[in-house]
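Taking it in order: structure first as structure tokens, then the write-up.
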Amino acid sequence: MSKVVHQPLGIGLHVAIIMDGNGRWAQQRGLPRAEGHRTGVRAVRRVVEAAVQERIDILTLFAFSSDNWRRPTTEVGSLFELLREYLDREVRRCVEGGVRLSVIGRRDRLPAPLGVAIAAAERATASQARLRLRLAVDYSSRDAILRAARLRASRALEAVATREVFGRLVAAPELAPPGLPEAAGALPAIPLPTPAEAEVDLLIRTGGERRLSDFLLWESAYAELMFTDTMWPDFGPPELGAALREYRRRERRFGGLAATG
Ligand code: IPE
Ligand code: IPE
Ligand code: MG
């Protein structure tokens, strides 16, 4: 018996994107890397709008990895500043477009004004339901898995340590939620992500590299992977549309057998 899952049009789809290539895009034009990041923000806006049109359910964008702290402080600073500006400016547009925004990753190392902007954007968009937009900031997938394993090891979660619950802990929005009960008799007092947030359907990386760079490792166990040489500032609705068409042509078997027609 073969059982093949064909993805319906857009519905319930979780797309994740490693937005890579800003620096090279700028350097190819003789511009400072920061210009690439600035232009990259415009690409984010276009792609979020296209994601709503395409009826994508969840869009997770890699904005800053925990390893990006290795970059010069001036570049790190300008990235955070751009992110803060983006959040401040986009909230209204998110509400109009039905976009619920949240941030996954560590927050304790971020500049205070950025933390404030994140909290404000999450609050302002909390009731929106057309698209779940998750920005990964100071995010490391291995750290997320480690944190889930620590929770799992605490007595509190022994009874519920199924693969599904563990996956949802891995996908939890904050890596270090304050006030987490160490040994309570129930799940931690953080909203558990939905199963859909814990499963990536389509993972796209722009910028030509063929690697995951510590992004959504658990969640991408059966994700369809797509790598494009397009630099992130040049990525837009047509490229997203092409990726979705390619995704729909692929056959996801999840270890089963191909359809025999
Ligand atoms: C992606 O572009 C943005 C971040 C990692 C923050 P890069 O800055 O990595 O651009 P390249 O890879 O150097 O071209
Ligand atoms: C991955 O890109 C992180 C983001 C896009 C935010 P990097 O440019 O940091 O990845 P590596 O260093 O090429 O693996
Ligand atoms: Mg890069």
Side-chain angles (χ1 to χ4, degrees), residues 14-48 51 58-87 89-90 101-111 113-115 117-118 121 133-146 170-171 173-175 200 202-220 223 225-236 239-240 243:
H14 182 175
V15 176
I17 308 182
I18 301 173
M19 309 185 289
D20 195 25
N22 291 350
R24 278 163 291 155
W25 181 93
Q27 279 158 349
Q28 286 161 4
R29 288 160 179 76
L31 299 168
R33 290 177 58 84
E35 258 325 293
H37 296 314
R38 187 171 299 283
T39 313
V41 173
R42 290 205 281 274
V44 172
R45 192 174 301 135
R46 291 194 303 269
V47 168
V48 169
I58 303 168
L59 178 67
T60 305
L61 301 176
F62 206 2
F64 187 88
S65 82
S66 294
D67 289 321
N68 288 148
W69 286 106
R70 295 178 182 176
R71 298 187 180 200
T73 46
T74 46
E75 175 157 348
V76 171
S78 71
L79 280 166
F80 288 154
E81 186 53 25
L82 279 170
L83 194 55
R84 192 188 59 73
E85 283 172 24
Y86 172 83
L87 291 169
R89 247 188 291 115
E90 288 313 293
L101 190 150
S102 60
V103 169
I104 57 171
R106 284 183 66 159
R107 299 193 186 190
D108 57 312
R109 301 189 288 194
L110 301 179
L114 178 55
I118 289 171
L133 171 62
R134 307 192 313 157
L135 298 179
V137 180
D138 196 356
Y139 174 84
S140 153
S141 183
R142 285 178 298 186
D143 283 350
I145 293 168
L146 198 58
V170 169
E174 289 181 60
L175 287 178
V200 172
L202 168 60
L203 175 69
I204 302 169
R205 181 174 187 142
T206 64
E209 314 291 2
R210 268 78 174 149
R211 55 178 171 256
L212 298 181
S213 302
D214 202 8
F215 187 49
L216 301 175
L217 303 178
W218 175 285
E219 294 91 325
S220 298
L225 306 181
M226 280 184 211
F227 300 97
T228 168
D229 292 335
T230 303
M231 298 292 155
W232 176 251
D234 290 330
F235 195 88
E239 288 74 18
L240 180 67

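Start at 1 and go down the list; that is how both ligands and their atoms are numbered.
- At distances below 3.5 Å, at least one donor-acceptor pair connects side-chain atoms of R107 with backbone N or O atoms of V103.
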After noting the C-alpha distance and the side-chain angles of E85 and E90, does the key distance pass the side chain to side chain contact (heavy atoms under 4.5 Å, CB included) rule?
-> CA-CA 8 Å; E85 283 172 24; E90 288 313 293; over 6 Å; no

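- For the pair R205 and M19, the minimum side-chain heavy-atom distance is 4.5 Å or more.
- Counting protein heavy atoms only, atom 2 (O) of ligand 2 is closest to R205 NH2, 3.6 Å.
- Using bins of under 30°, 30° to 60° and over 60° for the plane-to-plane angle, the ring pair F64/F80 lands in the tilted bin.
- Residue contact check for ligand 1: G207 places no non-hydrogen atom closer than 4.0 Å to it.
- In this structure, atom 14 (O) of ligand 2 lies nearest to the protein heavy atom S213 OG, 2.6 Å.
- Contact annotation: for N68 versus ligand 2, heavy atoms closer than 4.0 Å belong to the side chain alone.
- Closest protein heavy atom to atom 5 (C) of ligand 2: M19 O, 3.5 Å.
- S66 and D138 share a side-chain donor-acceptor pair at under 3.5 Å.
- In this structure, a donor-acceptor pair under 3.5 Å is absent between the side chains of E219 and H14.
- In R33, the part holding a heavy atom less than 4.0 Å from any atom of ligand 1 is the side chain.
- With Y139, F215, F62 as candidates, the residue nearest to atom 4 (C) of ligand 2 on a non-hydrogen basis is F62.
- What sits closest to atom 6 (C) of ligand 1 on the protein, heavy atoms only, is A63 O, 3.3 Å.
- For R142, the CZ atom is loosely surrounded, since the number of other residues' heavy atoms within 6.0 Å does not exceed 12.
- Using a 4.0 Å cut-off to heavy atoms of R71, the atoms of ligand 2 that qualify are 7 (P), 8 (O), 9 (O).
- The protein non-hydrogen atom at the shortest distance from atom 11 (P) of ligand 1 is R24 NE, 3.5 Å.
- Residue side and main chain included, D20 places an N/O/S atom under 2.8 Å of the Mg ion (ligand 3).
- Annotation for ligand 1: atoms under 4.0 Å from non-hydrogen atoms of H37 are 3 (C), 8 (O).
- Annotation: W25 places no N or O atom under 3.5 Å from an N or O atom of ligand 1; distance criterion only.
- The proximity of F64 to ligand 2, defined as any non-hydrogen pair under 4.0 Å, is limited to the backbone.
- With no hydrogens or angles considered, no side-chain donor-acceptor pair links R106 and S140 at under 3.5 Å.
- Atom 9 (O) of ligand 2 is flagged as protein-proximal [any protein heavy atom, distance under 4.0 Å].
- Under 4.0 angstrom from ligand 2, there are no non-hydrogen atoms of R70.
- Near R211, meaning under 4.0 Å from one of its heavy atoms, ligand 2 places the atoms 11 (P), 13 (O), 14 (O).
- At a heavy-atom distance under 4.0 Å, no atom of S65 approaches ligand 1.
- In this structure, R24 pairs ionically with E209, as a charged nitrogen and a carboxylate oxygen lie closer than 4.0 Å.
- Distances from ligand 1 to the non-hydrogen atoms of A26 include no value under 4.0 Å.
- Here the side chains of I17 and V47 are in contact, with some heavy-atom distance below 4.5 Å.
- In this structure, the side chains of L203 and L212 come closer than 4.5 Å at one or more pairs of heavy atoms.
- Listed by atom number, the atoms of ligand 1 under 4.0 Å from L79 heavy atoms are 6 (C).
- Remark: D229 engages R210 in a salt bridge, criterion side-chain N to carboxylate O under 4.0 Å.
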